[in-house]
Structures are given as structure tokens and as C-alpha cells.
Amino acid sequence: MKFTERAERAVAIMSPADLANFADVSSTRPEVSLYAAMSRSLGDMVEVIVEIDRAIATAHATRALMVDQARQWSEATEAVSERRADAGWSPAVRAQRILASSLACALRVPERTAERLVADSELLVHKLPGTQQALTEGRVSWRHATTIADQARTLPVECRAAFEAAVLPHAERLTVSLLNKKARRLRELVHPEPVDIRHQRAAEDREVALQLCADGMAWLSLFLPAAQAQAAYNRIVDIADHESRNAGRVPFDGDCTQRSLTLAQRRADIAAELLTAATLASGRDNGIRATVAITVPVLRLLGVSDKPATLEGYGPIDIETALSLAGTAKSFIRILTNPETGTVLSVGRDRYAAPTDLRTFLRVVDETCRFMGCNRAARLCDLDHTLDWVHGGQTAHDNLAHLCPSHHHLKHQTGWLVQQKPGRVLEWTSPGGQIYVTHPAA
């Protein structure tokens with residue numbers, strides 16, 4: 001169906017008269033479901049929105065081509081200019097600054113943003129043709145395309161084609177956040193330089209940044225080695241979750257406002273208090289320590305492999321950091337991968353609850369909630385039987401998946417349907433009939 005025809009249908013769908021007609025028909029013809037008819041109409045509307053989004057992606061691809069043409073024109077013009085290279089401004093520098101300032105003024109964006117647009121456009125047009133084509137056809141969004149560009153930017157030229165071929169299929173099914181995780185992992189597989197060396201170099205750029213915002217607010221950002229940042233974040237989340245679960249019982253320090261705080265507010269307050277006072281009032285953080293899960297390939301420990309370790313929630317990290325974490329005691333979960341793991345993968349119908357080693361295995365493999373686009377950490381999710389236990393589902397790795405409380409309720413309380421396919425791939429069907437799949441992280 002053409003886009004205009006679908007759009008016209010969407011405008012006409014579910015008018016008050018339509019609703020009345022559906023109600024009349026469903027009252028006289030029991031086989032016609034009002035809910036089913038409305039769900040199909042919703043599906044049509046979603047398809048129209050998808051097509052509009054594809055048109056936006058195509059426009060972004062066209063913009064990238066035009067920006068790159070403007071870059072080439074500016075460089076060619078300045079190359080034949082008779083201006084002197086005063087103050088170190090070579091023709092190339094002049095071309096870059098002229099184009100960036102012109103775009104910044106025309107688009108009403110900062111010059112740094114304009115410079116990034118020029119760099120992304122050049123990379124997509126000349127170095128990542130597959131991604132540019134997918135953007136042109138509306139199969140990926142601009143943000144997906146620039147996420148791929150960010151990871152490819154620092155790859156050696158000869159590695160970019162292999163990286164693009166591996167990551168592009170994932171860009172067509174993942175959110176930007178999840179694509180960023182997948183792209184980092186795939187980048188490690190094709191990068192010829194060991195991650196240990198790159199990490200040492202990158203760690204030199206660690207810093208703290210303050211960005212002032214409106215209404216007396218500000219962003220405080222820390223650029224840290226991933227293991228430290230993940231541990232700090234996990235500790236904040238664990239303390240906030242502990243407080244949230246107990247908020248309805250006894251208010252902390254007699255402050256009843258603690259009961260009404262959202263989880264996001266709690267995390268922000270806890271982070272600020274830890275940074276400014278080193279610990280929390282009344283020792284609320286006692287007994288709660290940062291935890292990090294590190295997966296270390298056993299062949300790497302034996303010195304016969306250069307495969308990197310994996311930090312839960314982040315991806316590949318250097319082996320020196322991983323071994324340091326794995327060697328510490330109770331604060332870290334140590335997981336050694338081996339082709340013959342011995343992990344219990346099923347207890348069948350013998351019991352409802354999954355054993356500890358199976359839960360740990362699934363947490364590391366799933367990494368996040370298995371609903372489309374949800375990035376909530378698996379350790380904060382429910383372990384759900386895809387085929388419900390009461391309907392004969394087994395407590396097995398291929399019938400269990402992590403769902404956050406919100407999407408767990410969505411599965412049971414709405415018309416969303418889910419099936420687990422081979423490889424622990426989840427196939428979700430929306431009430432409107434659209435089908436989506438999600439894959440485990442590992």
C-alpha cells in the first residue's frame with residue numbers, strides 16, 4: 001500500500017461513527033471482536049508512523065550527501081584561494097571553519113555540533129556506504145547511523161568494512177542504546193590492536209565535567225574506566241532499590257518525604273550525598289558494596305588466547321583490569337567461561353524457582369530486560385517463565401528470560417504475546433499484529 005493511501009486510511013480510522021458501527025456489529029455478530037478490529041486499526045496507524053520515520057531517515061541521508069558536497073566544495077575553493085596561511089590557518093583549516101560556522105548559523109546549532117555533522121557525513125558517505133544506503137532506504141535512523149560511525153571512526157581503515165557488515169543487521173532491530181553495546185563488542189572482534197594497550201591510552205583522558213543547566217540545575221559527569229564507573233553506578237542503584245523497597249515501612253530519619261521519592265530521585269540524591277559526604281547519613285549504605293560481574297575466558301588465563309574479558313553491562317575490557325577484579329574477594333562475582341561449564345541449565349518441572357547457578361548464567365547472558373528497547377539491568381529484573389509454569393512451562397534456560405517488572409506485567413496483563421525460539425531468541429507479537437525479536441546479549 002502506498003504511503004499516501006495508508007496515511008488517508010489512518011486519518012479515517014476510528015472516527016466516532018466507526019466506533020459506533022463496530023459496537024453495533026459486535027452486538028449482532030458475536031464472531032466479530034471489537035477489540036480485534038481496534039487492534040488491527042492500531043496496527044495500521046503504527047505502520048503509517050513507521051513509514052513517516054523511514055522518510056525522515058531518507059531525508060537525513062540526503063542531508064549527509066549535501067553536507068559532504070559542501071565540505072568538498074569548501075575545501076576545493078580554499079585550496080585555490082590566494083589568502084595567506086596567517087595564524088596557522090591553512091586552506092584546509094579555513095575550509096573547515098568556514099563550513100562549520102556557516103552551518104552553525106544556518107541550522108542554529110553550536111559550531112561543535114556542526115563540525116560533528118560534517119565529520120559524520122564524510123564518514124558515512126565515503127567510509128560506511130552500507131550504513132549510508134540503509135539510512136537512505138529508511139532501514140536505520142540517523143542516530144543508529146551515527147552510533148555506527150562513532151565506533152568505526154577510530155578503527156583502522158582496513159577493518160571498517162568487516163565491522164560495518166557485522167553491526168548493520170543489528171542496527172535494524174535494536175534501539176540506539178543497545179546498538180551501542182553491541183557495536184562496542186563487535187568493534188573488539190575486528191580491531192587489530194589489543195584492548196589492553198588501547199585502555200591504557202584511553203584512561204589518560206579521564207576527567208570530571210560540569211554542565212550548567214536552567215532552573216538552578218546542572219549535569220555532573222565522570223569519564224572513568226568502565227569497571228570503576230559500573231561499580232559506582234551499581235552501588236548507587238543497589239542502595240536506592242533497597243531504600244525504595246523499605247520506604248513504605250519506616251521513613252528514614254523521620255522524613256516522610258522519603259516515601260514519595262521516585263527511584264530516579266533516590267539515585268540522584270544518593271550519588272550527591274556519597275560524593276559530598278563520602279557516606280550516607282545514618283549509615284544507610286552499610287553492608288551495600290559495589291558489585292561487578294566479570295567474564296574471563298579461561299583460555300586467556302592459560303595464556304593461549306587474546307580474547308578480551310567482558311564487563312557485565314558494558315562489554316569488552318582489558319584483561320589487566322579483569323584479572324585485578326577477579327582476584328579481589330567478595331565485592332565481585334567471578335565467572336570463568338569454559339566449553340564444559342557444568343552449569344545446570346534445566347530442572348524441568350521438578351521445581352518452579354531456578355537454581356542459583358542457572359540464575360547467574362541467565363543474568364550474564366541476558367544482561368538486560370528482554371523486551372524490545374528496555375535497558376534495565378537483568379539483576380534488577382524478574383526471571384520469567386516464557387511459557388507460564390501453570391501451563392506446563394519448564395524451569396529451563398530455554399524457557400526463562402529476564403523481564404523488568406513493567407514489561408513482566410505487560411506480558412501478563414495485555415495482548416502482547418511472546419514465544420521463545422532456538423538460541424533463546426524471544427519473538428514478541430504486539431496487540432496490533434507487529435512481530436519483533438530480541439536476542440540475548442551473549
### Note, His402 side chain near Leu362 side chain (heavy atom, < 4.5 Å)
yes
### Query
Can a salt bridge be assigned to the pair Asp366 and Arg424 using a cut-off of 4.0 Å between side-chain N and carboxylate O?
yes
### Query
Just how far is it from atom OG1 of Thr154 to atom CZ of Arg160, taken to the nearest 0.5 Å?
8.5 Å
### Task
Compare every heavy atom of Pro405 with every heavy atom of Asp382, then report the nearest pair and how far apart it is.
OD2-CA, 3.8 Å
### Query
Is there a side-chain contact between Arg187 and Val167, using heavy atoms and a 4.5 Å cut-off?
no
### Task
Take His144 and Thr147 through the test side chain to side chain donor-acceptor pair (under 3.5 Å) and record every step on the way to the result.
CA-CA 5 Å; His144 286 83; Thr147 296; over 6 Å; no
### Query
Going through the distances and angles, do Met66 and Arg63 end up as a side chain to side chain contact (heavy atoms under 4.5 Å, CB included)?
CA-CA 5 Å; Met66 291 304 302; Arg63 182 185 67 174; 5.7 Å; no
### Message
Students often mix this up, so state it plainly: with edges at 30° and 60°, are the rings of Trp416 and Tyr436 parallel, tilted or perpendicular?
### Response
tilted
### Query
Could you give the distance from CG (Leu117) to CG (Asp68), rounded to the nearest 0.5 Å?
10.5 Å
### Message
What's the separation between atom CG in Leu42 and atom CD in Glu47, rounded to the nearest 0.5 Å?
### Response
10.5 Å
### Any Leu155 side-chain heavy atom under 4.5 Å of His191 side chain
yes
### Message
Surrounding OH of Tyr233 (heavy atoms of other residues, nucleotides or ligands, distance under 6.0 Å), is the total greater than 12?
### Response
no
### Query
Tell me, do Arg116 and Thr146 make a side-chain contact under 4.5 Å, heavy atoms counted?
no
### Task
For the pair Glu172 (side chain) and Val140 (backbone), establish whether a donor and an acceptor sit closer than 3.5 Å, ignoring hydrogens and angles.
no
### Task
Hey, could you give me the CG/CD1 distance between Asp269 and Ile239, rounded to the nearest 0.5 Å?
12.5 Å
### Task
Can you see which heavy atom on Ala183 is nearest to which on Phe163, and at what distance?
O-CE1, 3.4 Å
### Nearest-0.5 Å distance that lies between atom CG in Leu426 and atom OG1 in Thr438
4.0 Å
### Query
Where do Cys404 and Arg376 come nearest, in terms of heavy atoms and distance?
CB-CD, 3.5 Å
### Message
More than 12 heavy atoms of other residues, nucleotides or ligands under 6.0 Å from NE2 of His412: yes or no?
### Response
yes
### Query
Is it true that a side-chain atom of Gln434 and a backbone atom of Gly43 form a donor plus acceptor pair closer than 3.5 Å?
yes
### NZ (Lys411) with more than 12 external heavy atoms under 6.0 Å
yes
### Residues Asp238 and Arg235 bridged, charged N to O under 4.0 Å
no
### Message
Can you list everything that forms a ring pair (Phe, Tyr, Trp, His ring centres under 6.0 Å) with His199? Sequence neighbours excluded, please.
### Response
none
### Residue pairs, two or more places apart or on separate chains, that pass salt bridge (Lys or Arg N to Asp or Glu O under 4.0 Å) and touch residues 216-225
none
### Message
Walk me through whether Leu275 and Leu220 qualify under side chain to side chain contact (heavy atoms under 4.5 Å, CB included).
### Response
CA-CA 11 Å; Leu275 283 170; Leu220 178 63; 3.9 Å; yes
#### Entry: Pair Ser221-Gln211, side-chain donor/acceptor within less than 3.5 Å
no
### Message
Heavy-atom count check: over 12 atoms from other residues, nucleotides or ligands less than 6.0 Å from Arg153 CZ?
### Response
yes
### Message
Looking at Asp241 and Arg266, is there a salt bridge between them, counting it only when a charged N and a carboxylate O are closer than 4.0 Å?
### Response
no
### Closest non-hydrogen atom pair between Glu164 and Pro129, with its separation
OE2-N, 3.7 Å
### Query
Do the side chains of Gln228 and Arg206 get nearer than 4.5 Å, heavy atoms only?
no
### Task
Check the side chains of Thr395 and His385 for a donor-acceptor pair under 3.5 angstrom, ignoring hydrogens and angles.
yes
### Task
Please step through side chain to side chain contact (heavy atoms under 4.5 Å, CB included) for the pair Glu137 and Gln133, ending with a clear verdict.
CA-CA 6 Å; Glu137 296 173 0; Gln133 184 62 32; 2.7 Å; yes
### Message
Do Arg173 and His170 have side chains that approach each other closer than 4.5 Å (heavy atoms only, starting at C-beta)?
### Response
yes
### Taking every non-hydrogen atom, the tightest pair across Ile148 and Leu168
CD1-CD1, 3.9 Å
### Message
Can you tell me how far apart CZ (Arg139) and OG1 (Thr131) are? Round to the nearest 0.5 Å.
### Response
9.0 Å
#### Entry: Sidechain-backbone polar pair: Thr58 side chain, Thr136 backbone, donor-acceptor under 3.5 Å
yes
### Query
Between Val437 and Lys421, is any pair of side-chain heavy atoms under 4.5 Å apart?
no
### Task
Decide yes or no on side chain to side chain contact (heavy atoms under 4.5 Å, CB included) for Asp384 and Arg370, but give the supporting numbers first.
CA-CA 10 Å; Asp384 172 68; Arg370 292 292 305 280; over 6 Å; no
### Message
Heavy-atom count check: over 12 atoms from other residues, nucleotides or ligands less than 6.0 Å from Arg143 CZ?
### Response
no
### Ile49 side chain near Asp53 side chain, heavy-atom distance below 4.5 Å
no
## Note on the structure
Closest heavy-atom pair, Cys159 versus Val190, reported as atoms and distance to 0.1 Å, is SG-O, 3.3 Å
